[in-house]
Undergrad: 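The structure is given below, and queries will be raised subsequently.
Start at 1 and go down the list; that is how both ligands and their atoms are numbered. Below, all heavy atoms of this structure are taken into account, side chains as well, without hydrogens, waters or symmetry copies.
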Amino acid sequence: MARAHVVFACQACGYESARWMGRCPGCGEWNTLSAADASPTPMDRVAEAVPVAQVPSADGERLEAGIQEFDRVLGGGIVPGTLILLGGDPGVGKSTLLLQVAAHLARVHPVLYASGEESAPQLRARAARLGALSPGLLVAAETDTGAVEALCARHRPALLVVDSVQTARAPGCALAPGSPVQVREVAARLLALAKTRNLPTLLVGHVTKAGMLAGPRLLEHMVDVVLLFEGERFSPYRLLRALKNRFGSTQELGVFQMGESGLDQVPNPSTLFLAERAQGVPGTVVGVTVEGARPLLCEVQALLATPAFATPRRTAAGLDAARLALLLAVLEKRCGLRCGQMDAYVKVAAGIRLEEPAADLACALALASAYLDQPVPPDAVAMGEIGLGGEVRGVPRLAERLAEAGRLGFRRALVPASAAGESGAMEVMRVRTLQEAVSRVFKASATG
Ligand code: TYD
Ligand code: MG
C-alpha cells in the first residue's frame, strides 16, 4: 500500500532528500532543508500515449508582438500557452521592453500587465512616455497571483505580463515575496494558468550579480523559455538572447538601443558597434561572428603591458578568460611573440560577448598588433578558429560573413585557407597558420 512519506526539500535550490541534513548537497547552503509534502502518484488515473505523428501540430500559431528583434529571439513570435521568463539586472530595461511589447500587441488583442513594482499611475506615466497608451492594454498594480488569475478570467487577455516574480505572492503562501519557496509557488501558479488558459505569459525576474537572487535554477526548468536582457551600465545597447527555448533556437540575438522614448530596435547592429572605432591604432581588429541568423561585425581591442606582479594579469571582457590565455600561449609558442608573461587585456567593444571560436583570429591579431605596436589596416576583417598548433581552422558561413563586411565598407579579409565560399568583391587573404597571418599583416622584420 502506498504510504505518505516526508521529503525534505532545499528552499534555495529545490534539492530533495529523504532525510534532513544541515547542509544541502545540491547548493551547499546551510539550514535550507525543510519538510515538503510528497503526494504519492495517483493510481486511479489512466495514462495515455499517442503516436507522435497524430499529435496536432502547433505550428503557425505564434503570436507576433510586431517588434521584430523580440519576435526573432523567440523563434518567430510567442507560442500560445508558454511561460517565458525575462531575466536581467535591475534597471536594464525589462519593464520598458515588456510594456512596449504589451502595447504593440494591445493594438490588436487585449493584454494584461500586472505590476508589483509600480503603481497604476506610474505605469501610465511610463506608457505615455513610451507611446504605449494602447486601448487594449490593461494595467493592474497587483502582487497577488490569485487576483491576477481572476483578472484573466474576467478580461481574457491574449497575453499576460507579470512584473516581477520577486514582488508576486501566491495565495496561501505566507513567506516573504522573493523568497525561494514563494518564487516557486508563483511560477507554478502562472505555469498552470498559462497552460489551462493557453495564455502566453511573460514573467520578469531580476537577476543580480550572484545569479537570480531567488531560486535561479528552480525557475529555469519550470518555464518554457528563458530570455536574458543584458547591457553594459553605461552603454545604450541592450542585447536580448534566449538561454532556453523549447520552441526555437537559442542562437538568436536581438539588439535594442535605450533612448529618450524607450527601446528602439537596432536592425543593423554592426554599423553601430563599429561607429566609434578608433582607426589606425595598434591593438584593434574587427572580427565577424555569427549570432543566430545574422553575421555581426565587432571590434576586438587588446592591450599588453609589462607585468606589475610576478603573475601576469589577464582581463577579458566579452571573451572567455581561458581563451585569452590560450591565444597568448599560441602567440608565444608558435609565432615567437614574447607576450606570455605580459599583462594582457582584451575587450570586445559595445558589450558584445564573443562565444564563437571563429572570433579567435581577430582576438589573436589584436594581441599581436598590440605587441608589435603596429595597426592592422582599418579596412580589414579577420575570422578563423585557432588551434593549439597555431593552425587557422575553417569557419562556417564564410560568404555571408564576407558579404556583411563588404556591405559595411571593408575591403580585405583574413580567412582560413580551407574556407570554401564566394568571396564576392572582397580581397581575401587565405592563411594556414596564425604565424602566417601575423607575418602577412605586419612588417616581416617585426616578427620572430
Ligand atoms: P526599466 O525598464 O525600469 O528596468 P527594469 O524593469 O529592468 O528594472 O528601465 C529602467 C531604466 O531605463 C532607467 O534607468 C531609465 C531608463 N529608461 C530610459 O532611458 N528611457 C526610457 O524611455 C525609459 C522608460 C527608461
Ligand atoms: Mg522593472
Undergrad: So is E260 close enough to ligand 1, meaning a heavy atom under 4.0 angstrom away?
TA: yes
Undergrad: What protein heavy atom lies closest to atom 2 (O) of ligand 1? Include the residue and the distance to one decimal.
TA: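 For atom 2 (O) of ligand 1, the nearest protein heavy atom is T96 OG1, 2.5 Å.
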Undergrad: At a 4.0 Å threshold, what atoms of ligand 1 neighbour a non-hydrogen atom of G262?
TA: 21 (C), 22 (O)
Undergrad: Any donor and acceptor pair, going by atom type alone, linking the side chain of K94 with main-chain N or O of V204 inside 3.5 Å?
TA: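 No.
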Undergrad: Short N/O distance, under 3.5 Å, between M258 and ligand 1?
TA: no
Undergrad: Salt bridge or not for R407 and E404, using N-O below 4.0 Å?
TA: yes
Undergrad: Hey, are Q182 and S179 close enough side-chain-wise for a donor-acceptor pair under 3.5 Å?
TA: no
Undergrad: Going by the atom numbers of ligand 1, which of them fall below 4.0 Å from some non-hydrogen atom of P90?
TA: 8 (O)
Undergrad: Give a yes or no on whether the backbone of A65 and the side-chain of D71 come within a donor-acceptor separation of less than 3.5 Å.
TA: yes
Undergrad: Hey, is the main chain of G75 close enough, under 3.5 Å, to the side chain of R62 for a donor-acceptor pair?
TA: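 Answer holds: yes.
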Undergrad: List ligand 1 atoms under 4.0 Å from S261, heavy atoms only on the residue side.
TA: 22 (O)
Undergrad: Report yes or no: does S115 have an N/O/S atom closer than 2.8 Å to the Mg ion (ligand 2)?
TA: no
Undergrad: Look at E230 together with R241 and state whether they make a salt bridge at an N to O cut-off of under 4.0 Å.
TA: yes
Undergrad: Can you tell me if CZ on R246 sees more than 12 non-hydrogen neighbours from other groups inside 6.0 Å?
TA: yes
Undergrad: Mind checking whether K94 contacts ligand 1 via backbone (N, CA, C, O), side chain (CB onward), both or neither, at a 4.0 Å heavy-atom cut-off?
TA: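 It is both backbone and side chain that touch ligand 1.
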Undergrad: Please check whether H206 reaches ligand 1 - meaning an N/O of the residue sits under 3.5 Å from an N/O of the ligand, judged on distance alone.
TA: no
Undergrad: Between D89 and ligand 1, find which residue part has any heavy-atom pair under 4.0 Å and reply side chain, backbone, both or neither.
TA: backbone
Undergrad: Could you tell me the residue and atom name of the protein heavy atom closest to atom 6 (O) of ligand 1, and the distance to it rounded to 0.1 Å?
TA: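 Going atom by atom, the protein heavy atom closest to atom 6 (O) of ligand 1 ends up being S95 OG, 2.6 Å.
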Undergrad: Would you call R189 and E149 a salt bridge, using N to O less than 4.0 angstrom?
TA: yes
Undergrad: Which residue supplies the protein heavy atom nearest to atom 8 (O) of ligand 1, what is that atom called, and how far is it?
TA: G91 N, 2.7 Å
Undergrad: Whether E117 and R126 form a salt bridge (side-chain N of Lys/Arg under 4.0 Å from carboxylate O of Asp/Glu) is what I want to check.
TA: no
Undergrad: Considering non-hydrogen atoms of the protein only, which is the closest contact for atom 3 (O) of ligand 1, and what is the distance?
TA: R126 NH2, 2.9 Å
Undergrad: Hey, mind stepping through D360 and R393 against side chain to side chain contact (heavy atoms under 4.5 Å, CB included) and telling me if it holds?
TA: CA-CA 10 Å; D360 284 351; R393 296 167 177 245; over 6 Å; no
Undergrad: Donor-acceptor check, side chain of K244 to backbone of E220, threshold 3.5 angstrom: yes or no?
TA: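 Indeed, once roles are kept as given, a pair shorter than 3.5 Å links the two residues.
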Undergrad: Do any nitrogen or oxygen atoms of G259 lie less than 3.5 angstrom from nitrogen or oxygen atoms of ligand 1?
TA: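 N/O-N/O distance below 3.5 Å exists for this pair.
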Undergrad: Under a 4.0 Å heavy-atom limit, does R129 contact ligand 1 with its side chain, its backbone, both, or neither?
TA: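 Answer for R129: side chain.
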Undergrad: Quick one: does G93 get an N or O within less than 3.5 Å of an N or O on ligand 1?
TA: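 G93 vs ligand 1: N/O contact under 3.5 Å present.
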Undergrad: Verify the contact flag for atom 21 (C) of ligand 1, where contact means a protein heavy atom under 4.0 Å away.
TA: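 Yes, because at least one protein heavy atom sits under 4.0 Å from atom 21 (C) of ligand 1.
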